[in-house]
Amino acid sequence: MLYDYFKQRFAQVTNPAIDPLREGLVMSLEVNIGKRGNILEVGPENASQVILSSPVLNEGELELLLKDPYLKPQVLQTFFDIRKGLEGSLEKTLDKLCKAADEAVTNGCQLLILSDRSDELEPTRPAIPILLAVGAVHQHLIQSGLRMSASIVAETAQCFSTHQFACLIGYGASAVCPYLALETCRQWRLSNKTVNLMRNGKMPTVTIEQAQKNFCKAVKSGLQKILSKMGISLLSSYCGAQIFEIYGLGKEVVDLAFCGSVSSIGGLTLDELARETLSFWVRAFSEDTAKRLENFGFIQFRPGGEYHGNNPEMSKLLHKAVRQKSESAYSVYQQHLANRPVNVLRDLLEFKSDRAPIPVGKVEPAVSIVQRFCTGGMSLGAISRETHEAIAIAMNRLGGKSNSGEGGEDPIRWSPLTDVVDGYSPTLPHLKGLQNGDTATSAIKQVASGRFGVTPTFLVNADQLEIKIAQGAKPGEGGQLPGKKVSAYIARLRNSKPGVPLISPPPHHDIYSIEDLAQLIFDLHQVNPKAKVSVKLVAEAGIGTVASGVAKGNADVIQISGHDGGTGASPISSIKHAGGPWELGLTETHQTLIENGLRERVILRVDGGFKSGFDVLMAAAMGADEYGFGSVAMIATGCVMARICHTNNCPVGVASQREELRARFPGLPGDLVNFFLYVAEEVRGILAQLGYEKLDDIIGQTDLLGPRDVSLMKTQHLDLSYILSCVGLPKWSSTQIRLQDVHSNGPVLDDILLSDPEISDAIENEKVLNKSIKIYNVDRAVCGRIAGVVAKKYGDTGFAGQLNITFLGSAGQSFACFLTPGMNIRLVGEANDYVGKGMAGGELVVTPVENTGFCPEEATIVGNTCLYGATGGQVFVRGKAGERFAVRNSLAEAVVEGTGDHCCEYMTGGCVVVLGKVGRNVAAGMTGGLAYILDDDDTLIPKVNKEIVKIQRVVAPVGQMQLKSLIEAHVEKTGSGIGSSILKEWDKYLPLFWQLVPPSEEDTPEACAEYEKTASETVTLQSA
């Protein structure tokens, strides 16, 4: 219950500069007004709480809390005194702070405010890092049994980014008052107001009050995104959850303030942290700082600021080396990397060999080494067509592997470029110097949660299929493509609409367990039995356990991605403070697989900030077989590190879809070829110095690594023993592991069907076939391999025959996955999850067995996540479906008689008709297509997620015709009773249907009707 007096106090705040915020996240301060005690205990004294509308407080709101007599708030200053010496000063002050907090809560205080605000700042009294202060008090009160008796609020100048807010809340703060950030907003607005008045006499559109509100709103949006990445719905669940991984803090710091968090490599002591804090603090008292704030270059490179691995000097040296094909220039590039400041874990290591050097001529050739190189999963859309194709051509020349990313691929790229007439011209800048046999196809084709561009033909034209569970730069979220980068070409490849932002939301909707992942691996092996399946994991604590499950699930490749990256489309909030070092992830994965006898089953690939042969050899010594290059590959093809990829304004057309900017693209495939050959030669040179002839010989040999002598105070206590430890070596050589056959699905029903002369003849000669066969629930991904054979020969739409196959019985998971046009599949019985996954065409009908004794429209006949990622075809289900029906559907039409939760989630096209009840959260994230849902008891509207779509009656004639024709087809195919009743009393039932439509540009009935017509014609054309 919210006290009326508190609401009145909020209403009485009159200072326009600190207007309280009344919308956003709801956060309950853990305080009980009155008797002190545990607020989780049931009792009248705990029935009342102070409710804040946001975890971000302004000064006015904090002042109200301070004046509340019931809370008995107490402000604890967070400064430490160094006048008696720096050593031990921070530890002593934290001890006093914790004791003061303990005493205050014991005496009835229910609100502790930890503050670094003071009217008199002194050089000898630095502020304690606020996260350290909050964490220490939080942990101390837990150990004292008092934590549930009081809330903690941080009043600090040290918090201005979403990550900082997330850390403070995650380690115990209920709310934060970022007074310096708010004051900065006010001063920024005041200074801009003066400038605008001087320029043109016009007042700025953003007021001081609005500037502060905008800042708080941005912080709250950032917090919501962080929570969503972690799968957490409520901020109260995030408060004190400590779901962080620590890099660079020692045991005494972690035990004091962050107890329970993982800190694999140790790091700073309290005294070193005090020294680091002081180094920043004293700058505020110099005359230069008082005149001008220093830009540390945390986001973009600034001379004299924070070191960036990808910096202007590095990119210029690399451009010179690859464009001039100059070994001496590459040597300068190598020297630049060798002299860089320590900025990644491998910079703290060096090679130490007990062998004598050998001549470079005895080392395996560069052409063998480059076959282990891959490029990162950069989607066509995140980067331009020219860049994407130049990278693919280069990797194909080398025998390495490029990665399509999650945006699909233009089918024109699957043929040799010299054979292609339409759509390509050798005069295009990035195609100059084409060689015979050059292709622009990506050897690795990615299957992400958005399933953009994933069609049967896409899958069968791959050498490897990569399931992107996560990526290092953006763990917990999928790929993000801003709407301005979704051109007509990109939209066509992704079966979406131009200008619509495209996001692959985590996780895959067919992966909610390791068993689900094993099923998706099975599905991909089914449709393309010649392609190895890789699974992309993010480097984090616990990755070894996940990797073991992946290996047992029959994956052929495991990719470990480090935190570096986020190329092409990632917003800043997604690539800062996200992911971990690949050095730790690779080490844990390699060691765990060896300990469990699984290492020989999989290829280990690693990527994340690779720039040189030194990086390759470091990864090899830690256990990797293959090596991925992302950002540096783009730099080699012309990227100038402008760091505006997400704005679509790349000045050299590397990461833009704007044609005038793409025309400036300077890269050639040969540039990237030159780079990788130089890297391979560097690898050969280091191997020769170490005395080894083959890369195979050092894979997993961590005894070749040792600590490097680095004269940095803050790295003195880092513990790299985990990386340097060795639990054994693979029993096979890396070459044996890499060359082993694709893991087989074993005997499957599709192989029996394809061995049938009638079926093989119908496929080969495009005949009409009618066949019936029994099916059991152990038969998984049935029809997937048949679809792959058809797609390989005819493409997604070229098959002119008809395979009319009826199955009798109970189908296992992924029944009728990846269907192509011409495949008409009927199931009499029932099916498990993922029916029609990825289907590109054809017809799928599911009906129950006759005379079963139950009402079909009241029974669930197919499982969850049906039609996931479908790009065409028609589906008719007599009965209900489970959750997430038609999730990420692009163009398929479907009729079903009821669904579970999340129906039509993330749809971008197609049409879905539901003739019965649906669960909650209908049409969440739906950006295209149409849905018609029968609502005969007025219960639908509260179940619809109206964030994007709008809901209206079916008034347009085109919509009525489309709805009726689909129901008629449903009745004809399934004999549906509910469908027949609707058609018999059409005038009665039509007003009971709701139509869900993503809003058009003009929110008018005419515009909606036009959109509806266009969508309907698109679906009809695709089906035909």
Side-chain angles (χ1 to χ4, degrees), residues 246-250 263-269 272-283 294-321 329-352 472-473 539 562-566 572 575-584 607-619 621-622 629-632 635 639-641 643 679 682 686 705-720 723-724:
I246 296 173
Y247 302 105
L249 293 181
S263 182
S264 303
I265 57 174
L268 295 174
T269 64
E272 288 171 340
L273 197 56
R275 190 174 294 107
E276 182 87 356
T277 302
L278 183 61
S279 68
F280 282 96
W281 183 260
V282 295
R283 294 187 188 190
E294 187 175 353
N295 187 336
F296 292 102
F298 290 143
I299 306 301
Q300 289 187 310
F301 174 83
R302 290 289 183 272
E306 182 181 63
Y307 177 78
H308 287 241
N310 296 324
N311 56 72
E313 183 181 359
M314 184 275 286
S315 61
K316 289 176 183 177
L317 292 173
L318 182 55
H319 289 159
K320 182 177 180 181
Y330 185 79
S331 297
V332 176
Y333 167 77
Q334 278 183 268
Q335 195 61 40
H336 169 80
L337 295 179
N339 294 334
R340 69 185 180 187
V342 172
N343 75 314
V344 288
L345 284 181
R346 58 188 176 277
D347 290 342
L348 297 170
L349 301 172
E350 62 182 359
F351 288 102
K352 297 179 180 180
H563 60 82
D564 284 338
I572 291 167
I575 59 177
K576 282 285 186 181
H577 313 292
W582 60 254
E583 294 91 337
L584 292 174
D607 73 348
F610 278 66
K611 296 179 177 65
S612 65
F614 174 82
D615 293 338
V616 169
L617 286 164
M618 278 285 170
M622 295 176 198
F629 297 76
S631 298
V632 74
I635 294 173
C639 171
V640 294
M641 294 306 297
R643 294 185 185 273
V679 171
E682 183 185 350
I686 300 176
L705 302 177
R708 176 182 163 206
D709 186 16
V710 178
S711 56
L712 277 178
M713 181 69 70
K714 64 195 304 181
T715 64
Q716 296 301 308
H717 291 91
L718 287 180
D719 180 9
L720 302 179
I723 296 176
L724 299 176

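Just so we're clear, the structure is a prediction, and the values are computed from it rather than from any experiment.
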Engineer: Looking at CG of L345 and CG of L584, how far apart are the two atoms once the value is rounded to the nearest 0.5 Å?
Structural biologist: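 Spacing of CG (L345) from CG (L584) equals 5.5 Å.
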
Engineer: F301 and P312: which non-hydrogen atoms are nearest, and at how many Å?
Structural biologist: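 Looking at all heavy atoms of both residues, the closest pair is CD2-CD, 3.5 Å.
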
Engineer: Could you walk me through whether V616 and E682 pass the side chain to side chain contact (heavy atoms under 4.5 Å, CB included) test, one step at a time?
Structural biologist: CA-CA 10 Å; V616 169; E682 183 185 350; over 6 Å; no

Engineer: Rounded at 0.5 Å granularity, tell me how far NZ in K352 sits from CZ in R708.
Structural biologist: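 Separation between the atoms: 11.5 Å.
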
Engineer: Would you say S263's side chain and L249's backbone share a donor-acceptor pair under 3.5 angstrom?
Structural biologist: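 It does hold such a pair.
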
Engineer: Can you list the steps and then say if F351 with L617 is a side chain to side chain contact (heavy atoms under 4.5 Å, CB included)?
Structural biologist: CA-CA 9 Å; F351 288 102; L617 286 164; 3.4 Å; yes

Engineer: Within a strict 4.5 Å, meaning less than it, do heavy atoms of the K316 and K320 side chains meet?
Structural biologist: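 In short, these two side chains do not touch, never coming nearer than 4.5 Å.
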
Engineer: For the residue pair W582 and F610, categorise the inter-ring angle as parallel (less than 30°), tilted (30 to 60°) or perpendicular (more than 60°).
Structural biologist: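 Because their plane-to-plane angle is under 30°, the rings of W582 and F610 count as parallel.
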
Engineer: With a 3.5 Å distance limit and no angle check, can you tell me whether K611 reaches the backbone of M314 through a side-chain donor-acceptor pair?
Structural biologist: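 Looks like no, no N/O pair under 3.5 Å.
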
Engineer: Mind checking the CD-CZ spacing from E306 to F298? Nearest 0.5 Å is all I need.
Structural biologist: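 E306 CD to F298 CZ: 5.5 Å, rounded to 0.5 Å.
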
Engineer: Could you check whether the rings of Y333 and Y330 sit parallel, tilted or perpendicular, using 30° and 60° as the cut-offs?
Structural biologist: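 Geometry flag for Y330 against Y333: tilted rings.
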
Engineer: Test of understanding: with side-chain hydrogen bond (donor to acceptor under 3.5 Å, both in side chains), list the residues that count as partners of E350, not counting sequence neighbours.
Structural biologist: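 If we apply the side-chain hydrogen bond (donor to acceptor under 3.5 Å, both in side chains) test to E350, skipping adjacent residues, there are no hits.
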
Engineer: Has N339 got more than 12 heavy atoms of other residues, nucleotides or ligands less than 6.0 Å from its CG?
Structural biologist: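 Yes, the 6.0 Å shell around CG holds more than 12 heavy atoms from other groups.
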
Engineer: Could you report the tightest heavy-atom contact between S315 and C639, atom names first, then the distance?
Structural biologist: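 Distance-wise, the nearest heavy atoms are CB-O, 4.5 Å.
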
Engineer: Atom CG in N311, atom CG in L317: separation rounded to 0.5 Å?
Structural biologist: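 One gets 8.5 Å once the value is rounded to the nearest 0.5 Å.
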
Engineer: What is the minimum heavy-atom distance between L718 and G266, and which atoms define it?
Structural biologist: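 For L718 versus G266, the nearest heavy atoms are CD2-O, 3.5 Å.
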
Engineer: Taking C-beta and beyond as the side chain, do V640 and H319 meet within less than 4.5 Å on heavy atoms?
Structural biologist: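 A side-chain contact exists here, since the closest heavy-atom pair is under 4.5 Å.
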
Engineer: Could you pull out the closest heavy-atom pair between H308 and I299, with the gap in Å?
Structural biologist: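 Closest heavy-atom pair between H308 and I299: CE1-O, 3.4 Å.
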
Engineer: Are the side chain of H336 and the backbone N or O of L318 linked by a donor-acceptor pair below 3.5 Å?
Structural biologist: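 Judged by distance alone, no pair lies under 3.5 Å.
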
Engineer: Do you know which two heavy atoms are closest between N310 and S631, and how far apart they sit?
Structural biologist: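 Closest pair (atom of N310, atom of S631, distance): ND2-CB, 3.8 Å.
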
Engineer: Distance check, rounded to the nearest 0.5 Å: L268 atom CG versus M713 atom CE?
Structural biologist: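 Going from CG on L268 over to CE on M713, the span is 11.0 Å.
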
Engineer: Provide the closest heavy-atom pair for Q716 versus V710 in the form atom of the first, atom of the second, distance.
Structural biologist: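 Here Q716 and V710 meet closest at NE2-O, 3.5 Å.
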
Engineer: Could you go through the side chain to side chain contact (heavy atoms under 4.5 Å, CB included) check for M622 and L349 one step at a time?
Structural biologist: CA-CA 12 Å; M622 295 176 198; L349 301 172; 3.8 Å; yes

Engineer: Strictly by salt bridge (charged side-chain N to carboxylate O under 4.0 Å, His left out), give each pair with a member in residues 336-347 just once, sequence neighbours left out.
Structural biologist: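 Of all non-adjacent pairs touching residues 336-347, those that pass salt bridge (charged side-chain N to carboxylate O under 4.0 Å, His left out) are R340-D347, R346-E583, R346-D615.
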
Engineer: Roughly how far apart are S612 OG and I686 CD1, rounded to 0.5 Å?
Structural biologist: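 Interatomic distance, S612 OG to I686 CD1, rounded to 0.5 Å: 7.0 Å.
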
